[in-house]
Amino acid sequence: MDFQFEQERIVSAKTKEYVKEAINCYNDHNYRSAVNSLYSVMIVDLIEKITVLSSLYDDEKAKRIIDATNENIEYNIKNDKWIPWEGKLIESLHKTPILSSETLYQTITELKKWRNFSSHPSLNDFGANLETPDRYVVAHFFHILFNQLFTVSPSLIGNITSKFLDFLAEKQSLLIENEEKMDIYIKDSFLNKMYDDQKDELVKSMFKFVFISKTDNFEKYRDINFRALCAILRTNPTRYTDLLISDTVLIHKVELTDIDERVNYFEKFIGKHNRLYQALSETQKSIIENNFQKNLGKYLLYPFVINSENYKDRVDEIQRIIKIEGSMRTDLNKLSIDGAIDPADMLDLIECFKLKDELPILHELIISIFSGSESYAQAKDLYLKNIILITNDLNDDNWKYLLEIVNENDQIHNSFGVDTSNMIKLYADYLQKNDPTSTKDLNEIVHDLKKKYNKILI
């Protein structure tokens, strides 16, 4: 009998490892040994499940069972009298959902009986004998334990999603602006103690709370819940994206007709996990595409809009249109690039382009758009929302291009909202740090730049 498929579905790594011995015994026709080994694995799995419940759920019933089991084991170590702690554990768990299945409970009872028969000789007229169970009886033990115990996560008391939401609400101020801390807390406090099917259920529940639920309570915590959902997906993006794609009923419940925060969060989520796009309804796709094509930041961020995974292709297409039109005011498949990219999108763009080691390409585009400023107000808006966010990472070519367009465009260098003086100083600082052979001090470099870009006021 091949148990490979069942083995892969076991939720506990420890159980998955230990059960190999029982399977080997069965395959070698050593059925007494298989029963003894399988019984031990079953006890280990039960203890692990109740321990997870005790530590993860902080469940009093689980704690009492664990404490009683530990006390019985300690008693046996210290005393001659033996307390059958394994049997007591099984009976305690029979009163919980872990062993609520009567089929599972009766199978464990029968396994326990055959374990005793296989381990302890019986006496008859012919002397002492060890009973050997039929192979089909042993196969039945494996089948039931695999399907009703080993592959099932603990579910004694409480709802993991409720616990998780309470945790996020309590820790919101600590985690809201710290992605790294969010990842650590969620892993240590929850994910590392959960089985896969628990995590799957949590992902679906969080998806519903962030993108579907409309009650005031969910509105209040939507941002922290969204960040937590993203943190969970970062641990295994392929698995959880596939999980959501498989549940189109859930995805199609997301309403995009109302302009509210849920829509913004959903668009951002689809952008981060764009395979989900294929699971959207045609109506949802139409709304998403229409929104993205009216927004340069999203257009650059989300590849499915123009079917390109290559950032450079997207940037080159926009640069081409800008050069043809001679202005940032244009229309590319209804794409509006008349205005600054939203700062939140800018930060996401910087992160994405940095991961691809293509930041200079993004910088060149942002500077190109800035160069088309047609009013003081427009120059100020682009400067405050976009240019400021990239100045710390510009390379030498980017800096030269930026200062050239600032010097040439009087709507920029005459705008009180654009800190041209600071740009000169930042570039001077960049040159000083990146040219170890230079003997000039910072003031001398600023002076030289002022002469070169003579329309910029210092």
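- Within a 6.0 Å radius of CG in D357, other residues, nucleotides and ligands contribute 12 heavy atoms or fewer.
- With respect to D183 and K187, no salt bridge is recorded, no charged nitrogen being found less than 4.0 Å from a carboxylate O.
- Taking a cutoff of 4.0 Å between a charged side-chain nitrogen and a carboxylate oxygen, K14 and D45 do not qualify as a salt bridge.
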In sequence, state the C-alpha distance, the side-chain angles, and the governing distance for E91 and K88, and then conclude on salt bridge (Lys or Arg N to Asp or Glu O under 4.0 Å).
CA-CA 5 Å; E91 291 307 313; K88 288 183 175 292; over 6 Å; no

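- Residues E255 and K214 are paired through a salt bridge, judged by an N-O separation under 4.0 Å between the basic side chain and the carboxylate.
- Each of L243, I232, L250, N225 was checked for a side-chain contact (heavy atoms from CB on, under 4.5 Å) with F207, and the lone residue meeting it is L250.
- Heavy atoms from other residues, nucleotides or ligands lying under 6.0 Å from NZ of K208 number 12 at most.
- A distance of 6.0 Å or more separates the ring centres of F211 and Y265.
- Salt-bridge check for D342 with K385: failed, with every basic side-chain N at 4.0 Å or more from each acidic carboxylate O.
- Listed by chain and residue number, nothing satisfies the side chain to side chain contact (heavy atoms under 4.5 Å, CB included) test with D67 (two or more places apart in sequence, or in another chain).
- For K49 (side chain) and L149 (main-chain N/O), a donor-acceptor pair under 3.5 Å exists by modelled atom type.
- Checked against the 6.0 Å centroid threshold, Y136 and H140 do not count as a close aromatic pair.
- For the pair K268 and D348, the salt-bridge criterion is met [side-chain N within less than 4.0 Å of a carboxylate O].
- For the pair K204 and D200, the salt-bridge criterion is not met [side-chain N within less than 4.0 Å of a carboxylate O].
- Partners of T248 under the side chain to side chain contact (heavy atoms under 4.5 Å, CB included) rule, at least two apart in sequence or in another chain, are H252, A279.
- Using a 4.0 Å cut-off between charged side-chain N and carboxylate O, K112 and E86 make no salt bridge.
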